[in-house]
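The structure under discussion appears below in the form of structure tokens.
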Amino acid sequence: MQFCRAETLEAAIELRAEWGDEGRILAGGTDVMVQYLHGEITPKALIHIEGIEAMSGVTINGRTVLGALTTHRTLGTTATLVARHPALAAAAAAVGGWQTQVKGTVGGNLCNASPAADTLPPLLVADAYVTLSSPRGERRLAVGEFILDRRTTALAPDELLTSVDLEPLPDGSAEVYVKLGRRGAMDVALVGLAVRLGFSEDGVVHTARIAVCSVGPTSQRIPDAEAALVGSRLDAGALDAAGAALIAASTPIDDVRATASYRRRTLSGLLGRAARHCQEESQK
């Protein structure tokens, strides 16, 4: 196997196009190296991009733009991001331990496309888009269109994910990410749930975004659950209907960490907890 180091964005795009599917991008390495050592992937080249400054950093321009190399640690501890994207900050702080957080990147989390990726539900409720760069130019895709299946994305063989942009929390809104696991961090989520709710002045929900992970092959938004909350004051009937819609749209599996039945049973309770949190935060 060949090891290639790209010092610039242009060099990274060139190497990505040169190697195509036979090469793998290496940034923090928290997923790629584990998969390589376990024999799950067998690339002919690893293309190291960790030091490229043009792919790092945070820019505020209406939407929030994150370089693909922005680490989980940065997402979870930067005051501006915590204020604009509290659900994403909470999710990033729940990814593994601090060793993983200081190396793992938002771009890597997206490209790995794990069904249990903590950052994906908050990105979905924030209407996030990815920018994909290649020698042919750039294209922009919604995260929900980019993630196709378990560990499968719409990334073409010559494309590099270079940035992510997302909508900040609007006034009168609140959001939260809740994770069910044996511990708040270090463990892969048994169930992950992000909720963003917008409230009118009289406390009625006027917008709702709900996304889940670990209960299907991909993270996804659940439109029927969202619709059940819109127009409500989060009364028991609305929460029950939203919980039922969440369960109906989920297809969890049995694995060594939890049964599908257990995952389903937790969804309504997690949704109620998240919705009440948003309601309380919006009233502060």
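What's counted below: heavy atoms across the whole structure, side chains too, no hydrogens, waters or symmetry copies.
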Assess, by modelled atom type and distance only, whether the side chains of Thr59 and Asn61 contain a donor and an acceptor separated by less than 3.5 Å. no

Steps toward side chain to side chain contact (heavy atoms under 4.5 Å, CB included) verdict (Leu81, Val58): CA-CA 9 Å; Leu81 295 179; Val58 179; 3.8 Å; yes

Going by the side-chain hydrogen bond (donor to acceptor under 3.5 Å, both in side chains) test, which pairs reach into residues 241-256, not counting sequence neighbours? Asp255-Arg257, Asp255-Arg263

Which distance, rounded to the nearest 0.5 Å, do you find between the CZ of Arg273 and the CG of Leu180? 8.0 Å

Tell me the closest heavy-atom pair linking Gly57 and Thr70, and the distance in Å. O-OG1, 3.4 Å

Quick check: does any side chain N or O of Gln279 sit under 3.5 Å from a backbone N or O of Arg233, one acting as donor and the other as acceptor? yes

According to the ring-ring contact (aromatic ring centres under 6.0 Å, His included) rule, which pairs have a member within residues 70-91, sequence neighbours left out? none

Checking Thr77 side chain against Arg73 main chain: does a donor-acceptor pair fall under 3.5 Å? yes

Ile60 vs Arg84, side chain to side chain contact (heavy atoms under 4.5 Å, CB included): CA-CA, chis, key distance, verdict: CA-CA 10 Å; Ile60 306 300; Arg84 290 170 68 91; 3.5 Å; yes

So which heavy atom on Asp118 is nearest to which on Tyr177, and how close? OD1-OH, 2.6 Å

Can you tell me how far apart CZ (Arg265) and CG (Leu270) are? Round to the nearest 0.5 Å. 12.5 Å

Using side-chain heavy atoms (C-beta onward) and a distance below 4.5 Å, is Thr71 in contact with Val102? no

In one Ile/Leu/Val/Met/Phe/Trp/Tyr side-chain cluster, 4.5 Å: Met55, Leu26: no

So how far is it from Cys4 SG to Leu15 CG, rounded to the nearest 0.5 Å? 5.5 Å

Compile the donor-acceptor pairs under 3.5 Å between side chains in residues 235-245 and protein atoms, sequence neighbours left out, one pair per line.
| residue | atom | partner | partner atom | Å |
| --- | --- | --- | --- | --- |
| Asp235 | OD2 | Gly237 | N | 3.1 |
| Asp235 | OD2 | Ala238 | N | 3.0 |

Any salt bridge (Lys or Arg N to Asp or Glu O under 4.0 Å) pairs touching residues 28-48, not counting sequence neighbours? Glu22-Lys44, Glu40-Arg151

Please tell me whether Val205 and Leu271 are part of a single hydrophobic cluster in this structure, the criterion being side-chain heavy atoms less than 4.5 Å apart. yes

Can you list every pair that meets side-chain hydrogen bond (donor to acceptor under 3.5 Å, both in side chains) and has a residue in residues 214-232, with sequence neighbours left out? Arg221-Glu226

Any donor-acceptor pair under 3.5 Å from Arg16 side chain to Pro157 backbone: yes

Thr78 side chain to Thr74 main-chain N or O, any donor-acceptor pair under 3.5 Å? yes

Non-hydrogen atoms of Gly76 and Ala92 that approach each other most closely: N-CB, 4.0 Å

Determine the minimum heavy-atom distance between Glu145 and Ala154, stating which atoms define it. O-CB, 4.0 Å

If we only count heavy atoms from C-beta on, is the Cys278 to Phe199 side-chain gap below 4.5 Å? yes

Going hydrophobic residue to hydrophobic residue with side-chain gaps under 4.5 angstrom, can you get from Val65 over to Leu123? no

What ring-ring contact (aromatic ring centres under 6.0 Å, His included) pairs are there with at least one residue in residues 39-67, not counting sequence neighbours? Phe3-His48

Ion pair check, Lys103 and Glu50, cut-off under 4.0 Å: yes

Indicate, with yes or no, if Leu161 and Ile147 share a hydrophobic cluster defined by side-chain heavy-atom contacts under 4.5 Å among Ile, Leu, Val, Met, Phe, Trp and Tyr. yes

Measure the shortest side-chain to side-chain distance between Leu132 and Leu155 over non-hydrogen atoms and say whether it is less than 4.5 angstrom. yes

Any salt bridge linking Asp127 with Arg209? Criterion: basic side-chain nitrogen under 4.0 Å from a carboxylate oxygen. no

Glu175 and side-chain contact (heavy atoms from CB on, under 4.5 Å): which partner among Leu197, Val125, Val195? Val125

Rounded to the nearest 0.5 Å, what's the gap from OG1 on Thr153 to CG on Asn112? Could you check? 10.0 Å

In this structure, OG1 of Thr8 is separated from CD of Glu53 (nearest 0.5 Å) by 11.5 Å

Which heavy atom of Ala12 sits nearest a heavy atom of Ile49, and at what distance? CB-CG2, 4.0 Å

Count the heavy atoms of every other residue, nucleotide or ligand shown that sit under 6.0 Å from CD of Gln35, and state whether that count exceeds 12. yes

Check step by step if side chain to side chain contact (heavy atoms under 4.5 Å, CB included) holds for Ile210 and Leu229. CA-CA 10 Å; Ile210 301 169; Leu229 295 185; 3.9 Å; yes

Show your working on side chain to side chain contact (heavy atoms under 4.5 Å, CB included) between Ile47 and Leu160 and close with a plain yes or no. CA-CA 11 Å; Ile47 304 166; Leu160 180 68; over 6 Å; no

Backbone N or O of Ala94 within a donor-acceptor pair of the Lys179 side chain at under 3.5 Å? yes

Please say yes or no: joined through hydrophobic side-chain contacts below 4.5 Å, possibly via intermediate residues, are Trp19 and Met1 part of one cluster? no

Nearest non-hydrogen partners of Ile247 and Ser268, listed with the distance: CD1-OG, 3.6 Å

Report yes or no: does Arg276 contribute a side-chain atom to a donor-acceptor pair with the main-chain N or O of Leu234 at less than 3.5 Å? yes

What's the separation between atom CG in Leu169 and atom CG in Leu88, rounded to the nearest 0.5 Å? 12.0 Å

